[in-house]
Every structure is written in C-alpha cells, then in structure tokens.
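Down below is the structure, laid out as structure tokens.
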Amino acid sequence: MKVTILTIFPEFFDSPLKQSLLGKALARGSLGIELVDIRDYTADKHRTVDDAPFGGGTGMVMKVEPLYEALSAVTAGKDIPRRKIILTSAAGRKFNQRTAIEYSLLDHLVIICGRYKGVDARLHKFFDIEEVSIGDYVLNGGETAALAIVESVFRLLPGGIGKIDSAMSDSFIEEMLGCQVWTRPARFKGESVPAVMQGGDHARQERFRRFCALQMTMNRRPDLLRQTILDEDDRLMLQEIAAGKEFEDCY
Ligand code: ADE
C-alpha cells in the first residue's frame, strides 16, 4: 500500500514516521509513504499556498491551483482503481475504526493536510475527495490528523502489529471498548490484579474479559452498544452490570 501526504509542513512527519513498527515497515519498504510539499506546486516566487477568502471574513483559504497541480501530479499515469483522496478537515465525515479498515484495503491513499479556514471549494470539482475529521475538536492543521489516520490504517496491514490476535481484541473491532489489562507485579501498593486473571482458568478469563468490556462500554460509551452484536449471554451480563454487580458476584 502507498500513502501520499500533501502538506505544507513535510518536516512535521520526520520523527513520527521513523518510530516503532511504522518506522520499521517504511525502512523495509513494505509500506510506502510519499511526502509532497504543496509549495513545490506553486508558480510564484513567494511559493504562496493561501489567500484571503472571497466575501471577507477572518482566516485564510488554501489556494486551488497548487493543490490542483499537486493532486494531478500524484494521480498521473497509472489508473489505480483502489485509490482514495481524502482531505483532513474538522467539517469532514468522522473517522473511526470502520473507516480505518476501509482505507486499509486501498492500494493508494492520498491525504491532503488541510490548513487555515479550509480549501477553495472548487478543488472538489476536479477530484473525488472525501473530507475526514478525526473528532469534534479543531486542530491548527491536518498534519496531526493525517498521522493518526496513517497509524490506525497501517496497523491493520500485514506486519503492522505484533500479533493478529492483538488487533482482534482492539477496542472498536465489534463496536465496543476493549477490556482492561494488567501486568506484573500482581500486587502494587495494596492494589491486586483481579484473582481470575492471575489463575489459569482460560474459559473463565475469557468470560471476565467479555464482562469487563461490556462494563467499560456501558460506563464510557453506551452509545456504542446500540451497534454491538450481542448474544444472549451478553444481554444477561449487561443486566447484571446495570444492576451494579461485579464479575465475582455472578460468575
Ligand atoms: N483539521 C482541523 N481540525 C481537524 C479535525 N478535527 N480532524 C481533521 N482535520 C482537522
């Protein structure tokens, strides 16, 4: 898979793209990230990428010509059917794990890092562009959003994560949060790891994880439960959780 990032701050990505498994994949060449400086596609000596909005108002707007030229260059040549162009924007469609899965199936993801008040709307007349937001808050620029998107997509690719099991137990895989986790020491300043997790009864531990995941989702993100696929056992657990019971009270 190839990811092309169009930005006015290519150096922003220098360090993050060198770290961890993502850095290794890039070094190995199993994932390709191409950074494109939008200013390289300007025609004036000041390399201008923004201008005042028509009709007045505060803030600047990203000019259409440099982005048009940059996108034409990165999409030129071979027609890649599984290619998508996205624009990071607080006004975009909300990015989530489903979107990450959808993007991980592409051959080429092009990310335009939005800046300022936004991008001249005419860009959408020339390219099929999806605007994407990583959450209901406003960032100074889309570079941080692009990094978040790249990392969540990358970890779904082969080799993007240590163990596939780990990805399967991620929060949001089934539209619910993951269970809490513990590691050694078993006791720290009087606080113990739940007894069930210290034992060897794997079936009971599996049950505990499910209970715990349902409990976390109910407490923190009850909205997700509307989309979760629940079986009879889950429904029973949810009734117990709603009644204030803990795992040890019931199982
Ligand atoms: N640019 C500014 N805010 C953003 C957000 N929440 N998501 C994506 N891009 C943005």
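Counting starts at 1 for both ligands and their atoms, in listed order.
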Between Arg204 and Glu248, is there a side-chain N and carboxylate O pair less than 4.0 Å apart?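 So Arg204 does not pair with Glu248 through a salt bridge.
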Test: Asp40 and Arg47 ion pair at under 4.0 Å: yes
Heavy atoms of other groups near Glu232 CD, more than 12 under 6.0 Å: no
With a 6.0 Å cut-off (strictly less than), is the heavy-atom count around CZ of Phe13, excluding the residue itself, greater than 12? yes
Does a side chain donor of either Glu143 or Thr7 reach within less than 3.5 Å of an acceptor in the other side chain?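 Yes - a donor-acceptor pair under 3.5 Å links their side chains.
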Indicate whether the side chain of Glu240 and that of Tyr251 have a donor and an acceptor atom separated by less than 3.5 Å.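 On atom types as modelled, these side chains qualify, holding a pair under 3.5 Å.
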Output for ligand 1, non-hydrogen cut-off under 4.0 Å, lists Thr88, Ser89, Ala90, Val132, Ser133, Ile134, Gly135, Tyr137, Val138, Leu139, Ala145
